[in-house]
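Down below is the structure, laid out as structure tokens.
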Amino acid sequence: MVWPETFMNKAFALIDCNCFYVSCERIFRADIRTRPTIVLSNNDGCAIARSPEAKSLGIKMGEPYFKIKKLHEQKKLQVFSANFALYTNISKRFSNIISSLAPRVEVYSIDETFADLTGLNNLTDLGLRIHAKILDELKIPTCVGIAPTKVLAKLANKLAKKSSKSNVINLIDSKHLELALKMTAIEDVWGIGRASSEKLKLLGIETALDFKNFDNDLIIQRLLSKVGLAIKKELQGISCFDLEYAADRKKSIMCSRTFAQDIYEKSALKEIVANFTSDVACELRRQKSLCKEISIYARANRFNDKLIQHKSFEKITLINPTSNTFTLISKALELVDKMYQDGLSYKKIGVQITNFFDNDNYQVDFFYPYDTNRDEKVMKTLDQINLFEGKDKLKSLACGLNRKSWSMNRNFKSPAYLTSWDELFNFG
DNA sequence: TCTGGGGTCCTAGGACCC
DNA sequence: TCTGGGGTCCTAGGACCC
């Protein structure tokens with residue numbers, strides 16, 4: 001197929017790691033490279049990464065651990081608790097390797113990076129080089145999809161994942177494009193989720209090809225909004241989504257956990273909220289922002305119908321934006337006072353901050369002027385100490401002295417090979 | 001017994017204003 | 001009894017992503 005003149009020049013690659021978390025664990029464990037292996041979510045709740053061998057055993061994405069425990073006990077399955085410190089570290093190395101071979105990249109997620117290859121030659125070769133270098137230096141297998149739009153690059157990547165032969169699929173000027181679109185179910189198109197695909201199926205659209213050829217844009221716009229329309233254009237080879245570089249400044253930051261046990265005491269709730277608030281505030285300062293809103297939420301164990309099911313939520317808007325841990329903790333604790341109800345059980349708890357301003361570009365409230373310099377100095381000192389002396393060396397007393405009383409299950413964690421001096425991997 | 005966490009974007013509808 | 005129309009801003013909630 002020949003692309004319209006105006007879009008001929010665009011080229012995107014999507015490089016995606018195969019079962020990333022499992023692959024990270026396997027870097028240090030040559031003995032399990034062909035064993036069925038999974039990585040569990042926080043609290044050892046459910047499977048969030050599966051090796052091909054584990055998929056063959058019939059383990060689904062999101063499958064709760066208690067359903068596969070037996071396989072684990074029979075030693076037919078290797079199981080790890082999530083070790084996000086390790087995965088984040090490997091992820092940075094992964095995107096750095098791509099940057100060394102492609103000039104413009106967008107780190108899209110922990111295991112996926114887009115590269116803008118516009119204007120470069122021999123793209124399939126380049127894709128193969130990227131794949132080989134990551135495998136060589138990191139021992140992480142990847143797939144590469146190349147196409148004139150991001151949606152098509154995603155689609156090409158998915159096909160490469162399914163293929164047993166090709167790690168790189170290039171759809172630019174490909175005579176197989178129609179077939180590729182036909183092979184892709186509508187719900188597998190990037191940006192078309194369950195709700196949208198159900199609507200499209202009512203129109204008789206079953207595949208990416210059907211969608212691309214559907215000739216009524218008004219209906220698509222009404223059903224799927226303007227985003228749906230953009231996705232359709234991308235399938236036609238018309239690029240609507242560019243690389244997004246400035247993605248590192250978040251617009252909201254949250255921290256939430258599901259705990260191993262139900263929590264009933266207000267004091268425990270406060271301690272948890274204080275800790276979560278410390279974490280989000282630290283992240284907020286790292287990206288040099290201030291926030292003007294903080295909210296907390298909590299709910300009971302939704303799988304236990306003997307408990308009163310509730311979704312509790314409280315939010316407060318601050319007079320002056322801040323990133324001061326202590327200010328935010330005191331506000332968050334006020335919210336706990338408002339939210340807490342005696343007798344309710346709390347299993348999942350979260351803190352979220354929103355409504356961000358740049359550190360050096362915001363308006364102090366006229367009636368409540370506020371010395372931000374002092375704030376900044378105190379927080380800088382706190383961050384420095386925690387950076388060099390270890391996380392949580394210096395913290396608010398509200399955070400409690402140990403986290404033992406409310407914990408997460410993490411029974412199958414691998415060592416912190418790369419992020420702790422005590423657990424460094426011995427390459428000898 | 002045991003079922004994750006962290007984001008973004010879009011839209012409809014309400015509040016408010018003139 | 002009659003009871004507009006248009007605009008903006010904000011928020012809650014849905015949908016999607018990994």
If you compare every side-chain N and O of A/R222 against the phosphate oxygens of B/dT11 (OP1, OP2), does one of them come in below 4.0 Å?
no
Which listed nucleotide (C/dC18, B/dC10, B/dG5) is nearest to the side chain of A/V227?
B/dC10
Answer with base, sugar-phosphate or nothing: what part of the nucleic acid does A/L224 contact at a heavy-atom distance below 4.0 Å?
nothing
May I have the distance from A/D279 (atom CG) to B/dG5 (atom C1'), rounded to whole angstrom?
13 Å
Atom CD of A/Q352 and atom P of B/dG7 are separated, to the nearest Å, by 8 Å
Would you indicate what A/E63 reaches in the nucleic acid, counting non-hydrogen atoms under 4.0 angstrom: base, sugar-phosphate, or nothing?
nothing
A/H72 side chain to A/F66 backbone, donor-acceptor under 3.5 Å
no
Once you round it to whole Å, what is the distance between P of C/dC17 and OH of A/Y108?
8 Å
Nucleotide paired to B/dC18 in any strand shown, Watson-Crick or G-U, under 3.5 Å
C/dG5
When rounded to whole Å, the CD1 to P distance for the pair A/I15 and C/dC18 reads 15 Å
Can a salt bridge be assigned to the pair A/R26 and A/E53 using a cut-off of 4.0 Å between side-chain N and carboxylate O?
yes
What integer distance in Å separates A/F20:CZ from B/dG5:C1'?
16 Å
Any side-chain donor paired with an acceptor under 3.5 Å for A/Y87 and A/E25?
yes
Please give me the minimum heavy-atom distance between A/L171 and A/A147, naming the atom from each residue.
CB-CB, 4.3 Å
Is A/K315 touching bases, backbone alone, or none of the nucleic acid, heavy atoms closer than 4.0 Å?
sugar-phosphate
Mind telling me whether A/W190 and A/F114 have parallel, tilted or perpendicular rings, with 30° and 60° as the class edges?
tilted
Just checking, is any N or O donor in the side chain of A/E265 or A/S267 under 3.5 Å from an acceptor N or O on the other one?
no
Nucleotide C/dC16, atom C1' - distance to CD1 of A/I231 in whole Å:
9 Å
According to a strict under-4.0 Å criterion, is A/K154 in side-chain N/O contact with OP1 or OP2 of C/dC18?
yes
For A/D111 and A/S109, test the side chains for any donor-to-acceptor distance below 3.5 angstrom and give the result as yes or no.
yes
Check every strand shown and say whether A/F303 touches a base, only sugar-phosphate, or nothing at a heavy-atom separation below 4.0 Å.
base
Students often get this wrong, so: under 4.0 angstrom with heavy atoms, is A/N409 touching a base, only sugar-phosphate, or nothing?
nothing
Examine B/dT8: is either OP1 or OP2 under 4.0 Å from a nitrogen or oxygen in the side chain of A/S252? Give yes or no.
yes
Would you say A/K251 reaches B/dC9's phosphate, i.e. side-chain N/O to OP1/OP2 under 4.0 Å?
yes
Taking any heavy-atom pair under 4.0 Å as a contact, classify A/V189: base, sugar-phosphate, or nothing.
sugar-phosphate
Atom CE of A/M61 to atom P of C/dC17: distance rounded to whole Å?
13 Å
The side chain of A/S225 is closest to which nucleotide in this list: C/dC18, C/dT11, B/dT11?
B/dT11
So, OP1 or OP2 of B/dG7: does either fall under 4.0 Å of a side-chain N or O from A/S109?
no
Does A/K226 reach a base, just sugar-phosphate, or nothing at all? Heavy atoms under 4.0 Å.
sugar-phosphate
Nearest-Å distance, NZ (A/K250) to P (C/dC17)?
20 Å
5′-ward residue of the pair A/F84/A/I253 relative to DNA chain B:
A/F84
A/M254 or A/P64: which one's nearest nucleotide on DNA chain B is closer to the 5' end?
A/P64
Does the side chain of A/S256 get closer than 4.0 angstrom to OP1 or OP2 of B/dG6 through an N or O atom?
yes
Quick check on C/dG14: is either OP1 or OP2 less than 4.0 Å from any side-chain nitrogen or oxygen of A/R194?
no
